[in-house]
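Notes to accompany the following structure.
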Amino acid sequence: MIQLAEDSNVGGPGAADQGNGHSDTMAGRTIHVRVLRQDGPGGESYWERHAVPYEPNMNVISVLQRIAERARAEDGRQVAPVAWDCSCLEEVCGSCTMLVNGRTRMACSALVDRLLEEHPGEIELRPMSKFPVVRDLKVDRGRLFRALERVEAWVPVDGSYDHGPGPRISPEEQEDAYPLSTCMSCGCCLEACPQYTKIEVVQREGESAEEFERRRTAAYDRGFVGAHAISQAVLFNGHPTGRMIADERLQALTSAGGIQVCGNAQNCVAVCPKHIPLTRSIARAGRAATVWAIKRLFDR
Amino acid sequence: MSPAEAETSFFSRHQFLISRLFSLSGLIPVGAFLVVHLVTNASVLAGPGTFQSRVDLIHSLGPLLVPIEWAFIFLPMLFHASVGFAIIAGGLPNVSSYPYVGNVRYTLQRATGMIAFAFIIWHVIQLHWMGAPLGGGKFDPHHASSSAALALQPVGVAILYAIGILSAVFHLANGLWTMGITWGLWTSPAAMQRANWISIIVGVLLGGAGLGALAGMRRVDVEQARAIEDRMDEMKRMLEGREPGDAPLVRPVATSAEGN
Amino acid sequence: MAQPRVLVIGGGLAGLAATMRLAELGVGVDLVSLVPVKRSHSVCAQGGINSVNALTRQQGDNEWKHFDDTVYGGDFLQHQPPVKEMADWGPRIIDLMDRLGVPFNRTPEGFRDQRRFGGTLYKRTAFAGATTGQQLLYALDEQVRRYEVEGRVKKWEFWDFLEPVLDASGRCRGAVCQDLVSMKFKAFPADAVILASGGCGLVYGRSTMSMVCTGSAVSRAYQAGAAYGNGEFIQVHPTAIPGADKLRLMSESARGEGGRVWVPRTPQDPRDPRSIPEAERYYFLEERYPKYGNLVPRDIATREIFDICTTDGLSVEKDRLCVYLDLSHLPREMLDRKLGGILEIYEKFQGVDPRVVPMKIFPAVHYSMGGLWVDYERSATGGMEEGSIRNQQTSIPGLYAIGECDYQYHGANRLGANSLLSCIFSGLFVAPSVAGLATASRAGEETPRLFEASLRRQEERHEALLGRRGGQENPYALHQELGNLMTRVATVVRRNEQLAAAYDEVCVMEDRWRRCSLSDTGNWTNQNVVFTKSLGDMFPVAKLILKGALLRDECRGAHYKPAFAMPGIAATDPAGKRREAEAWCDRFEANTRKWLKSTIARHGADGHPQISFEDVDTSLIPPRPRLYGLVGADVIEEVWKERSRGAADDAPAATGAGRAVAAHV
Ligand SMILES: Cc1cc2nc3c(=O)[nH]c(=O)nc-3n(C[C@H](O)[C@H](O)[C@H](O)COP(=O)(O)OP(=O)(O)OC[C@H]3O[C@@H](n4cnc5c(N)ncnc54)[C@H](O)[C@@H]3O)c2cc1C
Ligand code: SF4
Ligand code: SF4
Ligand code: FES
């Protein structure tokens with residue numbers, strides 16, 4: 001069997017430190033961070049400055065972790081840690097979207113070295129502007145998920161009982177569908193879209209949770225569905241089984257807040273961290289909607 | 001259909017149809033008219049006579065001209081403009097944060113739309129109805145080149161025209177490209193790139209025609225043109241058997257134009 | 001409760017599979033998760049999902065072999081019937097996921113493509129690009145969303161499970177959870193509660209797991225009385241990219257597609273790796289394990305990489321341990337098509353293109369084989385009896401555990417691409433069991449009072465935390481300390497003196513935790529208090545891991561103690577070899593008798609884990625030595641074969657059916 005070093009105090013996995021191609025000149029330096037905070041929904045927002053020691057290979061998440069650990073602003077005042085969302089830390093879960101130096105992106109893949117090159121001296125963090133702020137950098141992206149319901153982004157199978165394999169699919173079709181299927185619902189495309197505007201519904205005095213939810217859903221449903229949902233509709237309309245309810249998806253895409261709201265700014269595709277060909281999806285959905293609408297005109 | 005659907009307005013229920021009609025109206029008839037208009041006007045480069053005969057051709061519609069103008073130009077344009085303004089009001093341009101080419105074009109599309117619209121209103125009122133008080137002078141279909149030349153003589157007017165024309169041309173050419181996406185004519189990035197070339201070529205040609213017309217008009221020798229136009233008018237009158245003075249000609253207010 | 005209602009905690013693959021199936025069976029589901037379920041940790045899984053398939057079948061593969069590979073890979077430490085059932089279900093599960101729209105990679109003819117993963121000789125692994133977990137999770141998420149629209153499922157996202165609510169008889173009647181936005185508490189009465197809360201990587205500070213893998217839910221169930229099995233078995237993945245906030249995984253599929261692991265033969269060779277000639281490269285896995293090459297099982301790959309850096313001093317860098325994982329010899333187009341996703345991760349976080357330059361990688365904590373002890377009912381065919389309410393039930397009646405948070409399927413070591421299968425399988429399989437229970441059982445009279453008491457207890461705990469003043473301890477710093485300690489003593493190589501000392505240290509840390517003061521004392525989206533709470537719940541888990549590791553004096557799967565390793569054969573002459581092999585086999589048998597037992601931890605009233613051992617049902621495949629690459633493996637194997645033939649003649653098959661919890665240690 002394998003013989004191991006009698007002395008294994010070299011440290012377990014990951015204990016040894018990292019650091020890959022960073023500039024040594026930064027060592028010992030401080031990173032200044034400006035965070036736009038807000039204590040709760042509808043509250044006033046305010047800027048707060050933080051300073052954290054520079055470490056090689058840092059990303060915005062580790063900066064926020066240091067801020068939480070210090071719990072002090074740059075001026076030494078004791079402050080509550082900044083609230084934010086994250087989970088996977090490898091840009092697949094879609095949690096950590098925020099405005100970093102004014103641009104929507106994933107905090108976990110926003111590397112400090114690169115941010116400082118982009119904008120020396122300071123990193124600026126703001127919450128997404130198209131969704132209601134819950135607190136600090138944490139926003140409520142419920143509308144984004146609601147849009148997936150609107151376009152029925154699923155394959156309508158009979159159920160989970162065994163019916164053998166799914167349909168045969170050519171490698172070309174798979175390669176076409178796969179990128180669309182990597183959408184992690186991060187909302188970058190919506191944040192950057194000039195046609196996607198914020199909808200914030202506030203619970204009224206005496207309104208029950210259910211009533212409030214119904215009213216909010218209705219408000220969301222009048223708003224733009226967004227590039228991500230259009231792309232999901234295209235994904236499922238391309239799937240042999242998903243296609244069976246293609247009409248329902250096109251109906252959704254051509255109702256209020258549907259594809260017609262898109263103004264072809266193409267920001268969505270430029271900011272999507274997953275490089276999803278969103279404008280291709282939008283154009284495909286546009287074509288399908290055209291054909292469908294004309295057909296409906298004559299078939300009715 | 002979602003529960004929200006029932007309680008929404010006519011406009012939001014027919015949002016898709018309206019915006020497709022909006023998109024269509026930008027091309028046909030508004031865009032098509034722009035092409036015809038600019039190409040017709042550019043014919044002035046071939047001489048005042050050519051231009052006059054083109055204008056005559058249009059005016060041969062006689063009393064039908066006004067309803068046709070309203071049905072195929074003004075109303076569609078007003079429709080296109082009012083839906084356009086609604087769309088602009090619903091958007092939130094953000095080029096400063098996202099200075100991508102597509103976004104710049106998106107913002108320019110809106111800006112040029114608004115400029116072109118303002119320009120067209122002014123252009124119509126100035127040339128058709130009021131003339132000098134709005135700058136330049138008034139257009140006279142029987143003295144197409146000369147009246148236009150006089151109307152466009154002031155440098156300020158010419159500059160406004162250049163801006164207006166270029167805005168309208170950009171709006172059309174870029175609109176053509178986005179329209180192809182909206183309707184699903186070009187879907188892949190490569191196809192969009194190819195289509196982009198088409199829209200650039202259309203834009204350059206149309207822009208050339210528009211600016212050519214403008215420059216051509218301004219370069220017209222008013223006296224010479226007037227002579228040609230008078231002769232042509234004479235012949236028309238003879239052919240139609242009209243008496244001189246049947247169609248009272250409003251003399252271009254030469255003084256104000258020349259005095260500038 | 002007129003309608004049967006089930007509470008599912010966690011919306012990873014396991015939780016979503018269970019929710020989907022329950023909704024389909026007509027049971028209402030409340031689905032609670034710390035994050036929107038679509039953001040659960042399962043999205044991180046890259047490589048693929050195992051099952052026998054039409055292709056491997058024609059190469060001689062079958063469900064039994066998948067089952068055999070799994071138990072062999074797991075060093076026989078798992079009860080065999082559930083594993084057999086899982087392997088049997090494999091093909092059906094892949095078919096189902098295929099129907100749900102998972103974009104599995106395709107062959108030119110349009111069939112699902114497969115790749116080979118560690119611990120097997122067959123290409124069993126179906127995959128969707130390099131984001132298989134994400135694709136599987138999304139497919140289930142979509143189905144659950146569909147049921148949500150139909151009103152059969154209600155999601156509670158950004159909610160924290162705090163404790164199961166037990167009635168006087170000890171049966172679980174629901175749970176109390178907290179809204180992480182409004183910080184309000186709520187009671188969820190339920191006919192059954194299913195925990196699907198994933199792994200506990202955060203106990204190790206940095207790992208390949210997501211930030212929500214705190215293990216808090218499991219710890220809370222454990223503290224409420226649920227037994228915990230095989231806690232000390234923590235898988236350390238051989239190939240991860242070291243990072244300040246997280247150790248990002250480089251999937252096994254990189255090796256599955258032909259990636260080669262090597263170090264320069266000259267220690268810390270300063271040359272550009274691309275310019276080092278073949279002869280000066282040491283492909284140590286290929287040389288030491290010719291049969292499996294770079295695809296040896298994880299525990300072995302991990303120890304070899306660890307070993308080559310520490311013992312042999314051949315780490316690529318001096319002050320940072322790492323080896324090369326090289327893909328640069330493979331065609332770019334193929335890499336992009338099959339591994340695009342993971343290569344992008346490397347490029348994104350390291351700024352170097354792995355298609356051109358060999359990657360630098362090192363092992364990292366990755367998976368917890370252990371978890372809540374769960375029951376099963378053996379079927380007549382040796383599998384699991386579908387629909388039995390015992391399946392996946394923890395030691396608390398009415399409380400179930402599935403997915404990574406149960407201990408059931410992977411024994412001492414998990415094979416690559418087997419976890420996604422076990423998650424979906426246990427999720428689908430638990431549903432009929434729970435559905436039957438949900439319609440049969442009705443909450444008693446005293447339940448409302450139980451919930452009130454539980455709510456009050458949680459509120460008090462919460463208020464006490466918020467109200468703590470003047471403490472000197474910083475929860476984030478304390479968490480790092482815990483992580484560093486656990487990583488140092490309880491990962492690749494374990495030593496009793498270190499484990500014992502670490503146990504005491506953790507107890508001290510737990511004490512210090514009581515003096516943690518909060519920097520946020522508000523009652524709105526207070527992530528500070530939520531983190532501090534979950535940190536507090538990491539200590540019981542850390543302690544049971546350390547205690548289990550301390551007590552288990554042997555090497556098995558991921559648990560490696562050099563002091564108890566069984567060396568290979570030293571003799572060179574045939575007779576000597578034979579003699580040593582006999583002795584080796586004797587020792588192996590003795591060890592099996594003593595240690596082939598699950599470690600069962602129960603939370604003691606004093607806060608210390610009470611450990612007992614449970615016999616393992618090895619009735620289907622008798623344990624045999626894992627001999628991957630051992631010196632003299634051939635002789636030992638020969639001797640072993642002779643012995644097992646003899647045993648088979650003597651007694652008709654080992655039984656080992658006992659599931660009684662045996663002797664306390
Ligand atoms: C980087 C990486 C790559 C992997 N690749 C593979 C692979 O290729 N093949 C393979 O088979 N396996 C792989 N695995 C393992 C596999 O991904 C996991 O074991 C599996 O996804 C676990 O799924 P789960 O459903 O049990 O839990 P998770 O997906 O972890 O979900 C846990 C859920 O529980 C919720 N939760 C947790 N605590 C609480 C609480 N206190 N209150 C409320 N909710 C809570 C979370 O919000 C989440 O929804 C990989 C693991 C990692 C880390
Ligand atoms: S192309 Fe459409 S969806 Fe995308 S950013 Fe522009 S307007 Fe928004
Ligand atoms: S399409 Fe891209 S940007 Fe939009 S939600 Fe999906 S992954 Fe994010
Ligand atoms: S934390 Fe998952 S995408 Fe950033």
Side-chain angles (χ1 to χ4, degrees), chain A residues 1-2 4-5 8 10-18 20-21 40 55 57-59 61-62 65 68-69 71 78 80-81 83 86-95 109 134-135 138 148-149 153-155 157 159-160 162-166 168-171 174 177-178 181-182 185 239 242, chain C residues 21 24 35 38-39 43-44 92 95-96 98-101 103 106 108 110 129 131 134-135 142-143 145-146 149 181 206 210-212 236 242-248 303 307 310-311 320-321 345 348 350-351 362-364 476 487-488 491 493 519-520 524-525 527-528 562 565-568 630:
Chain A
M1 204 164 262
I2 312 125
L4 271 170
S8 73
V10 232
D17 223 343
Q18 45 304 133
N20 200 357
E55 292 165 41
N57 252 355
M58 254 185 154
N59 56 11
I61 296 292
S62 41
Q65 286 173 339
E69 194 179 325
Q78 189 157 13
C86 73
S87 176
C88 70
L89 303 194
E90 50 190 57
E91 209 180 63
V92 284
C93 78
S95 295
S109 61
V134 174
R135 183 178 180 179
K138 182 178 164 72
L148 298 179
E149 298 179 1
W154 50 71
V155 176
V157 293
S160 66
D162 188 23
H163 288 289
R168 285 264 283 280
I169 288 176
S170 73
Q174 189 270 348
Y178 176 71
S181 190
T182 59
S185 301
H239 185 272
Chain C
R21 199 100 202 279
E24 191 180 338
V35 289
K38 194 176 177 182
R39 312 204 190 285
V43 285
C44 290
R92 260 179 286 168
D95 279 353
L96 171 63
D98 190 12
R99 279 174 49 227
L100 298 186
R106 299 284 160 169
T131 60
Q134 185 193 34
Q135 299 307 318
E142 286 148 15
Q143 294 303 318
R145 181 164 297 111
R146 194 175 152 210
V149 171
V181 172
R206 290 178 300 153
S210 295
M211 299 310 285
V212 288
V236 178
D245 49 340
K246 179 180 183 181
L247 311 173
R248 297 182 177 85
R303 272 201 298 280
D307 187 42
T310 56
T311 318
R320 179 173 79 135
L321 302 183
I345 291 182
K348 197 166 286 163
Q350 299 302 104
F362 198 68
Y476 303 98
T487 304
R488 190 160 50 77
T491 50
V493 177
S519 43
D520 185 354
W524 183 263
T525 321
Q527 297 179 331
N528 192 226
M566 288 168 54
L630 193 66

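Within every chain, numbering begins at 1; the chains are lettered A, B, ... in the order of the sequence lines, protein sequences first and strands thereafter. Below, all heavy atoms of this structure are taken into account, side chains as well, without hydrogens, waters or symmetry copies.
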Modelled atom types, side-chain donor and acceptor of S185(A) and K38(C), under 3.5 Å = yes
Of the listed A153(A), P165(A), G159(A), the one with the largest count of heavy-atom pairs under 4.5 Å with chain C is P165(A)
With a 4.5 angstrom heavy-atom cut-off, which part of E90(A) approaches chain C: side chain, backbone, both or neither?
-> both
In chain order, what residues pass the side chain to side chain contact (heavy atoms under 4.5 Å, CB included) check against T182(A), with sequence neighbours excluded?
-> Y178(A), K274(A), I276(A), T131(C), Q134(C), Q135(C)
D162(A), I169(A), V155(A): which one forms the most heavy-atom pairs within less than 4.5 Å of chain C?
-> I169(A)
Atom CG of D245(C) and atom CD of E55(A): how far apart are they, to the nearest 0.5 Å?
-> 10.0 Å
For each of S87(A), A68(A), C88(A), S62(A), tally heavy-atom pairs with chain C at distances under 4.5 Å, and name the one with the top tally.
-> S87(A)
With chain C, the option among V92(A), L148(A), L89(A) that has the most non-hydrogen atom pairs under 4.5 Å is L89(A)
Between P81(A), G164(A), S160(A), A80(A), which shows the greatest number of heavy-atom pairs under 4.5 Å with chain C?
-> S160(A)
Donor-acceptor pair, R39(C) side chain versus G94(A) backbone, under 3.5 Å?
-> yes
Is there a donor-acceptor pair under 3.5 Å between the side chain of Q143(C) and the backbone N or O of R21(C)?
-> no
Return the option, out of S95(A), G242(A), A177(A), A71(A), with the maximum number of heavy-atom pairs under 4.5 Å with chain C.
-> S95(A)
Where on L100(C) is there a heavy atom nearer than 4.5 Å to chain A: the side chain, the backbone, both, or neither?
-> both
For D98(C), what residues pass the salt bridge (Lys or Arg N to Asp or Glu O under 4.0 Å) criterion, not counting sequence neighbours?
-> R106(C), R112(C)
Heavy-atom pair of closest approach, residues K246(C) and R206(C) | N-CD, 4.1 Å
Engaged part of Q65(A) at the chain C interface, taking heavy atoms whose separation is under 4.5 Å | side chain
